[in-house]
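To keep things clear, I will list the structure first and then write my remarks on it.
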Amino acid sequence: MEKIPQHVSIIMDGNGRWAKARGLDRVKGHIEGVESVRACLEAAAEDGVKYLSVYAFSEENWNRPQDEVIALMELMMKAMKQELNTFIDNNIRFMVLGNRARLSEGLNQTIDDMMERTAGNTRCTLILFLSYSGKWDILQAMKKAAAELTPEQLQAMELPDFDRYLVTAGIPDPDLLIRTSGELRISNYLLWQSAYTEFYFTDILWPDFRKPQFREALAEYARRDRRYGKVK
């Protein structure tokens with residue numbers, strides 16, 4: 001494949017429906033979804049994708065039943081601790097972006113430890129968007145810019161200048177955005193950053209989305225002609 005995207009992002013959808021179809025608790029679907037993250041990260045690293053980001057938990061997800069929220073947070077903490085040595089051994093950097101003020105102290109400590117210990121890794125970066133929403137990101141960026149800049153500097157601001165106030169500062173915008181489970185929307189995710197992203201929608205539920213499906217999405221991306229509003 002000659003056209004490998006630098007940054008692939010995934011809206012992981014369908015865990016609950018996958019579990020329900022099998023008569024299982026919703027949390028079982030989330031557990032199986034962790035295996036899909038692992039498989040896609042392996043494929044991304046093998047194929048030369050430099051950034052793989054996943055929408056793990058939105059700001060709106062805080063409105064889910066409390067027992068499911070607690071189970072999800074515990075699952076994420078457990079998965080991070082289990083994968084740390086694997087990330088170190090395979091030169092994978094780990095990042096979490098989002099409104100971390102809403103996360104527990106224990107989870108934030110786990111995140112900080114994993115980010116610090118993998119900060120120098122260069123093969124591929126896995127980004128978890130956790131307690132994140134696109135509208136929140138733009139709003140917090142605006143507040144940071146307003147606090148830092150004079151009115152004159154704000155008036156002179158160009159579009160690229162605004163990027164450094166977003167939580168994704170320093171990270172390239174996604175080239176390809178995948179959404180599983182058949183839903184045809186981006187659900188308040190990376191609204192600013194996905195202005196020229198290629199979208200790929202599939203009916204496959206997230207726990208069934210593994211290496212072959214990930215590579216099929218890369219192949220579809222390679223067939224597209226990205227013009228960015230220009231004529232070729």
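Positions are given from 1 along the sequence. Remember, it's a predicted structure, so these values are computed and weren't measured experimentally.
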Taking K78 first and then E83, would you say they form a salt bridge - that is, a charged N and a carboxylate O separated by under 4.0 Å?
no
side-chain contact (heavy atoms from CB on, under 4.5 Å) assessment of D112 paired with R100:
CA-CA 11 Å; D112 287 339; R100 290 183 53 189; 2.8 Å; yes
dist S53:OG -> L97:CG (nearest 0.5 Å) comes out at 9.0 Å
Note, L75 side chain near V34 side chain (heavy atom, < 4.5 Å): yes
Quiz item: Should V69 and I31 be regarded as members of a common hydrophobic cluster, given that ILVMFWY residues are connected when their side-chain heavy atoms come within less than 4.5 Å of each other, either directly or indirectly?
Solution: no
For G33 and W206 the tightest heavy-atom approach is O-NE1, 3.0 Å
CE (M157) and CG (L154) are apart, to the nearest 0.5 Å, by 5.5 Å
Tightest non-hydrogen contact, residues G16 and R26, listed as CA-NH1, 3.5 Å
Heavy atoms of C124 and V49 approach each other most closely as SG-O, 3.3 Å
- Decide whether I111 and I70 are clustered together by the hydrophobic rule: side chain heavy atoms of Ile, Leu, Val, Met, Phe, Trp, Tyr closer than 4.5 Å, transitively. no
Per side chain to side chain contact (heavy atoms under 4.5 Å, CB included), H7 is matched among I171, D173, L176 by I171
Side-chain (D203) to main-chain (S181) donor-acceptor, under 3.5 angstrom: no
| message | Between D113 and K81, does any NZ, NE, NH1 or NH2 come within less than 4.0 Å of an OD or OE carboxylate oxygen? | response | no
Output for pair (L149 CG, Q155 CD), nearest 0.5 Å, gives 11.5 Å
Quiz item: Does H30 reach the main-chain N or O of L72 with its side chain, forming a donor-acceptor pair under 3.5 Å?
Solution: no
Can you confirm whether the side chains of E32 and N15 place a donor and an acceptor under 3.5 Å from each other?
no
Open item on the list: Less than 4.5 Å apart, side chain to side chain, heavy atoms only: is that true for L128 and V54?
Closed with: yes
Worksheet entry | Main-chain N/O of P207 paired with S36 side-chain donor or acceptor, under 3.5 Å | yes
### Query
Within the distance-only criterion (no hydrogens, no angle test), does the side chain of N121 pair as donor or acceptor with the backbone N or O of I92 below 3.5 angstrom?
yes
The side chain to side chain contact (heavy atoms under 4.5 Å, CB included) partner of V8 among L177, D175, L218 is L218
Applying side chain to side chain donor-acceptor pair (under 3.5 Å) to S58 and N61, what does each step give before you reach the verdict? CA-CA 5 Å; S58 71; N61 287 155; 3.2 Å; yes
**Request:** Look at the side-chain heavy atoms of Ile, Leu, Val, Met, Phe, Trp and Tyr, link any pair under 4.5 Å apart, and say whether L139 and L191 land in one connected group.
**Result:** no
Tightest non-hydrogen contact, residues I10 and Y189, listed as O-OH, 4.5 Å
CZ (R185) and CZ (F201) are apart, to the nearest 0.5 Å, by 10.0 Å
| Charged N to carboxylate O below 4.0 Å: is that the case for E59 and K135? | no
- [ ] Find out whether L24 and W18 are in side-chain contact, i.e. whether some heavy atom of one side chain is under 4.5 Å from a heavy atom of the other.
- [x] yes
* Asked: Passes side-chain contact (heavy atoms from CB on, under 4.5 Å), T110 versus M76? Steps please.
  -> CA-CA 10 Å; T110 299; M76 281 187 270; over 6 Å; no
For residues R17 and K20, determine if any side-chain heavy atom of one lies less than 4.5 Å from a side-chain heavy atom of the other.
no
Between R226 and Y221, a side-chain donor and acceptor under 3.5 Å | yes
Any sub-3.5 Å donor-acceptor pair from T197's side-chain atoms to P174's backbone N or O?
yes
- Residues, nucleotides or ligands: over 12 heavy atoms within 6.0 Å of E116 CD: no
To the nearest 0.5 Å, atom CG of L52 lies from atom NZ of K50 at 13.0 Å
Heavy atoms of I186 and I11 approach each other most closely as O-CD1, 3.5 Å
| query | Taking the side chain from D137 and the backbone from V167, do they hold a donor-acceptor pair closer than 3.5 Å? | reply | yes
Do Y165 and E148 meet the criterion of a side-chain donor-acceptor pair at a distance under 3.5 Å?
yes
Could you check if a side-chain atom of S104 sits within less than 4.5 angstrom of a side-chain atom of M73, using non-hydrogen atoms only? no
Q) Does E42 use its side chain to pair, donor to acceptor, with the backbone of A39 at less than 3.5 Å? A) no
Exam field: side chain Y55 to backbone Y132, donor-acceptor pair closer than 3.5 Å = yes
Just checking, is any N or O donor in the side chain of S9 or Y51 under 3.5 Å from an acceptor N or O on the other one?
-> no
Original post:
How about F129 and T168: do any of their side-chain heavy atoms sit closer than 4.5 Å?
Top reply: yes
Query raised in the report: Would you say the side chains of T122 and R93 form a donor-acceptor pair under 3.5 Å?
Result: no
Looking only at heavy atoms, the pair that brings N91 and G120 closest together is OD1-O, 4.5 Å
Check: Stepwise, does the side-chain contact (heavy atoms from CB on, under 4.5 Å) test hold for E46 with K211?
Finding: CA-CA 10 Å; E46 291 165 359; K211 283 187 179 184; 3.1 Å; yes
**Prompt:** Counting N and O atoms only, with roles assigned by atom type, does the side chain of R179 sit under 3.5 Å from a partner on the main chain of L184, one being a donor and the other an acceptor?
**Reply:** no
Original post:
When you look at M80 and F94, which way does the side-chain contact (heavy atoms from CB on, under 4.5 Å) test go after all the steps?
Top reply: CA-CA 9 Å; M80 289 175 199; F94 177 78; 3.9 Å; yes
(Q) Using the rule that Ile, Leu, Val, Met, Phe, Trp and Tyr join whenever any side-chain heavy atoms are under 4.5 Å apart, tell me whether M115 and F87 fall into a single cluster. (A) yes
Does the side chain of S131 come under 3.5 Å of the side chain of N99 through a donor N or O and an acceptor N or O?
no
| request: Would you please say whether a donor-acceptor pair under 3.5 Å links the side chains of W192 and D163? | output: yes
Residue pair T150 / Q153, side-chain heavy-atom distance below 4.5 Å = yes
Discussion item. Would you say that F209 contacts E216 through its side chain, given a criterion of any heavy-atom pair below 4.5 Å between the two side chains?
Written reply: no
- Task: Determine yes or no for a side-chain-to-main-chain donor-acceptor pair under 3.5 angstrom, with D161 supplying the side chain and E158 the backbone.
- Result: yes
same_hphob_cluster(L205, F57) at 4.5 Å side-chain heavy-atom cutoff:
no
Rounding to 0.5 Å, atoms CG (L84) and CE (M114) come to a distance of 5.5 Å
